[in-house]
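Structure, as structure tokens:
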Amino acid sequence: MKNLLIITIVCLFSFFETSAQVEYKVITSVESIVPNGLGRSRIISAEAERNYEDFTSEQTEEDNTRNKSKRKDIRVKDFEETKLLNFYNLGGIRFQNIAANDAVISSKLSAMANDGWELLFVTSAVESDSGKDDGQGIFITRYVFKKQATQD
């Protein structure tokens, strides 16, 4: 009788384990480092889903046909955009803006955690002003989240 109970419990747990599915979500913050406060800074979160397989081709020696995916099919028009402040204003670097952005980004990360998303890792990069005539620059950060979802 004990063995039957143990086998039943193991079977139930294995059923629940196989019905779990993992979702990933990427949130991106783009903060302008353009002098004089002329840039735009935002947190971007896609609301639409895309399947990478729809836009992927495989190159081989026998078949080197180029990928024919259309940009308009890849583009996402449904996204959440949260305004952030630029790092610079006319007076130069603005530390209050950085603190304000930290508060807004922290709020977004907290909301994601409260919705069941686990922050896996963060990666960032800078494309900075490369000289007198450039006038371009962004600080980009990607936050990658994971969530356990169950199938219906």
Counterpart residues, side chain to side chain donor-acceptor pair (under 3.5 Å), relative to [X] (two or more places apart):
| X | result |
| --- | --- |
| T141 | none |
| R142 | T28 |
| T56 | none |

Report all side-chain donor-acceptor pairs from residues 115-126 shorter than 3.5 Å, counting only partners two or more places apart or in another chain.
none

Looking only at non-hydrogen atoms, find the nearest pair between [X] and [Y] and report the distance.
| X | Y | value |
| --- | --- | --- |
| N89 | G91 | OD1-N, 2.8 Å |
| A46 | V76 | CB-CG1, 4.4 Å |
| Y88 | I93 | CD2-N, 3.4 Å |
| S32 | S41 | N-OG, 2.7 Å |
| T65 | S57 | O-OG, 4.5 Å |

*Going by the side chain to side chain donor-acceptor pair (under 3.5 Å) test, which pairs reach into residues 92-103, not counting sequence neighbours?*
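Qualifying pairs, neighbours excluded: E31-N101, R94-Q96.
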
*Which salt bridge (charged side-chain N to carboxylate O under 4.0 Å, His left out) pairs, counting each pair once, include a residue from residues 71-88, with sequence neighbours left out?*
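Every salt bridge (charged side-chain N to carboxylate O under 4.0 Å, His left out) pair that includes a residue of residues 71-88, provided the two are not neighbours, is R42-E81, E80-K108.
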
*Examine V30 and I27 and state if one hydrophobic cluster contains both, with Ile, Leu, Val, Met, Phe, Trp and Tyr joined whenever side-chain heavy atoms are less than 4.5 Å apart.*
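No, no single cluster joins them.
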
*Do other residues, nucleotides or ligands put more than 12 heavy atoms under 6.0 Å from the CZ atom of R50?*
yes

_Heavy atoms of other groups near E47 CD, more than 12 under 6.0 Å_ = yes

*Can you list the steps and then say if S29 with F139 is a side chain to side chain contact (heavy atoms under 4.5 Å, CB included)?*
CA-CA 8 Å; S29 66; F139 183 81; 5.9 Å; no

Report the distance from atom [atom1] of [X] to atom [atom2] of [Y], rounding to the nearest 0.5 Å.
| X | Y | atom1 | atom2 | result |
| --- | --- | --- | --- | --- |
| F87 | I33 | CZ | CD1 | 7.5 Å |
| I98 | N86 | CD1 | CG | 11.0 Å |
| I44 | T82 | CD1 | OG1 | 7.5 Å |

*Which is it for I105 and L84 under the side chain to side chain contact (heavy atoms under 4.5 Å, CB included) test, yes or no, and what are the steps along the way?*
CA-CA 9 Å; I105 291 168; L84 296 173; 4.3 Å; yes

